[in-house]
Amino acid sequence: MVISKNRMLSWAAGFTFAALYLALLTQQYIGDGLRWYGAIAGLRPIELGGTNHLLYPLVGHAWFLAWTSLGLPASYALAQSMNAVLGGVALGFFCAIVQAWTGRVWLALAATITLGLSRAFSLHGVDMTEPMPGVACVMAGIWLASRHALRPGRRGWLILAGGLIGLGGAIYQANIIAVIGACALVGLAGPARGQRARWFDTALIGLAAGSTAAAVYLTAFMTLGGAQTLGEAFKASLQTVNERYGSVYAEISLRRLGVLVFGLADSLFGIRGVEGLGTNLFARGLTREVIIALVATGCAALVPAAVSLLYARLPRVKPGERRAGEGRVLLALVAWLVPQLGLAFYFGARYSKLWVLALAVILLIVAVLLEALERKATQFRGSWRVGAALFMGVWVVPVSVVGLAANMIPDHNTPQACGVDAQKIAALLGPRDLLVSDWGGLACAPEAPFPTLSLVETAVEARLNPKLTADRLAGAVPVAAGVRAAATGAG
């Protein structure tokens with residue numbers, strides 16, 4: 001496991017996916033992407049994205065402003081282009097990470113293609129949602145940490161790695177979990193070094209990530225966040241959106257644990273037609289959609305399970321006989337994967353944003369296992385062939401075909417159904433009208449120039465109390481003459 005000197009594959013992967021995403025920008029916009037368009041495009045004052053997506057509106061606005069100043073027209077596509085380009089950057093670094101830990105070009109290419117065309121990653125690579133800029137920072141940070149773990153150098157690179165991960169967490173909060181992976185790789189994996197040096201390196205990268213994230217959060221809330229004191233900024237930085245909503249989106253149950261594998265399948269293939277059946281998949285009987293979901297779930301579980309079993313069949317050897325200690329590498333990756341899956345377990349197994357990094361770690365684990373099998377293929381060629389065939393035939397090829405033919409291309413060619421209705425509503429309303437909708441905007445037309453009110457925000461702030469919600473809604477609706485209120489659930 002040595003760092004490859006040939007970076008051409010990583011550069012090619014990054015440029016190719018950036019170009020692919022730019023060519024296939026979606027018209028099936030996610031609500032979380034549309035709600036930030038007003039801030040990104042400068043249609044409303046510059047704002048923070050709350051603790052969960054703190055810097056995303058600012059980063060998006062900077063990107064938008066840079067290109068419009070060069071003459072490009074304002075559009076959804078311009079806002080989406082940031083994720084497309086930075087998604088390509090993230091995949092370029094991911095390709096380099098897989099190469100670093102396996103030394104295999106084919107594994108780096110196969111893993112990168114699978115991640116890039118998976119539903120969880122491509123869904124956000126072609127939209128204007130929050131995770132991708134932070135994911136690019138995280139991938140760069142993990143790559144730097146991997147370089148140091150494999151070939152220790154100046155510790156300044158560790159500070160930079162931690163800083164990038166901290167910045168990634170400030171853009172989208174869930175990304176900060178990657179610091180556990182960076183610390184584990186530096187502290188456990190790579191060539192043997194003194195234990196004190198490992199601990200120091202681990203502490204350094206963790207401190208850099210934490211300090212960067214904390215500094216960004218405090219600065220943001222002391223400026224744009226309106227905090228008057230450092231204490232207020234600190235308190236605001238610690239309040240999560242989930243806490244504000246009274247944990248309405250969170251749950252801990254065995255049922256959640258049971259559907260994690262289903263979430264993996266959904267993050268790979270994108271399972272449509274089973275929305276609302278998370279509690280009971282068979283509520284409508286054994287329909288075609290349910291059969292597809294079951295097959296996809298089986299395929300998702302088969303590859304990591306089978307490859308792990310094949311790896312377990314390898315005879316035990318002395319620690320020094322395993323190149324760079326693949327056991328320590330796997331332990332480090334598992335230490336990273338557990339909290340990533342824990343987040344998906346807590347907030348929902350089909351929440352695609354939480355699977356972007358989790359899927360990357362799973363692919364890296366599978367690649368390391370396959371590299372070990374390939375290296376010992378002279379004695380265990382059967383295991384190697386079975387593992388490689390399963391990976392390529394059950395994951396890489398199907399994910400690529402489904403990702404392009406069933407997800408990205410149709411979503412690029414098909415305008416969002418609510419778009420026509422949204423434009424009709426926007427044409428009926430003026431600047432003094434109030435739009436009451438589910439999330440407080442007009443889906444598919446967030447640039448419409450009139451005030452809006454979110455039913456969801458109002459309800460969760462009232463702790464889902466019907467009477468209190470109705471009272472707050474009544475108090476928010478203007479009653480002055482000449483002001484009309486429009487209610488819609490479009491989108």
Side-chain angles (χ1 to χ4, degrees), residues 1 94 97-104 106-115 118 120 142 146 180-181 184-185 188-190 257-269 294-319 321-345 349 355 357-399:
M1 294 181 184
F94 177 72
I97 292 166
V98 179
Q99 272 191 287
W101 290 110
T102 67
R104 299 292 193 271
W106 81 270
L107 276 172
L109 184 61
T112 304
I113 289 174
T114 306
L115 180 61
S118 68
I142 295 295
S146 298
I180 297 175
L185 288 170
L188 293 173
L257 186 61
V259 297
L260 269 181
V261 178
F262 180 73
L264 173 61
D266 199 34
S267 71
L268 283 166
F269 305 101
L294 292 175
V295 171
T297 302
C299 291
L302 178 62
V303 172
V307 172
S308 298
L309 288 174
L310 292 170
Y311 177 80
R313 292 180 66 246
L314 295 177
R316 293 185 178 183
V317 297
K318 296 178 181 179
E321 294 180 11
R322 294 194 177 191
R323 186 193 297 179
E326 73 229 19
R328 296 196 307 272
V329 177
L330 291 170
L331 180 60
L333 292 175
V334 169
W336 180 9
L337 179 62
V338 168
Q340 291 286 172
L341 291 180
L343 202 63
F345 162 72
W355 277 98
L357 288 178
L359 187 56
V361 182
I362 292 171
L363 282 165
L364 186 52
I365 289 174
V366 170
V368 172
L369 293 172
L370 286 173
E371 186 273 336
L373 289 171
E374 183 181 17
R375 187 161 20 93
K376 298 177 176 66
T378 52
Q379 295 125 336
F380 301 93
R381 186 164 296 279
S383 296
W384 148 244
R385 287 175 174 172
V386 171
L390 284 172
F391 181 51
M392 297 297 296
V394 181
W395 271 20
V396 182
V397 174
V399 167

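Being a predicted model, the structure only gives us computed values, none of them experimental. Nothing fancy with the numbering, it's 1 onward along the sequence.
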Taking the side chain as every heavy atom from C-beta outward, state whether [X] and [Y] have any pair of such atoms under 4.5 Å apart.
X    : Y    : value
L333 : W101 : no
V399 : L115 : no
Y311 : V366 : no
I365 : W336 : no
W355 : L341 : yes

Exercise for the section: Report the residues that fulfil side chain to side chain donor-acceptor pair (under 3.5 Å) with W395, sequence neighbours left out, ordered by chain and then residue number. Expected result: none
Supply the atom-to-atom distance [X] [atom1] to [Y] [atom2], rounded to the nearest 0.5 angstrom.
X    : Y    : atom1 : atom2 : answer
L369 : L107 : CG    : CG    : 10.5 Å
I97  : L185 : CD1   : CG    : 8.5 Å
F94  : I142 : CZ    : CD1   : 11.5 Å
T114 : I362 : OG1   : CD1   : 12.0 Å

Which atoms form the tightest heavy-atom contact between [X] and [Y], and what is the distance?
X    : Y    : result
A108 : T112 : O-OG1, 2.6 Å
R328 : A189 : CB-CA, 4.3 Å
L363 : A111 : CD1-O, 3.7 Å
E371 : T102 : CG-O, 3.2 Å

Practice task
Mind checking side-chain contact (heavy atoms from CB on, under 4.5 Å) for I180 and listing every partner two or more places apart, or none if nothing turns up?
Solution key: I177, P339
Show me, pair by pair, the donor-acceptor contacts under 3.5 angstrom made by side chains of residues 294-310, not counting sequence neighbours?
from : atom 1 : to   : atom 2 : distance (Å)
T297 : OG1    : A293 : O      : 2.7
S308 : OG     : P304 : O      : 2.6

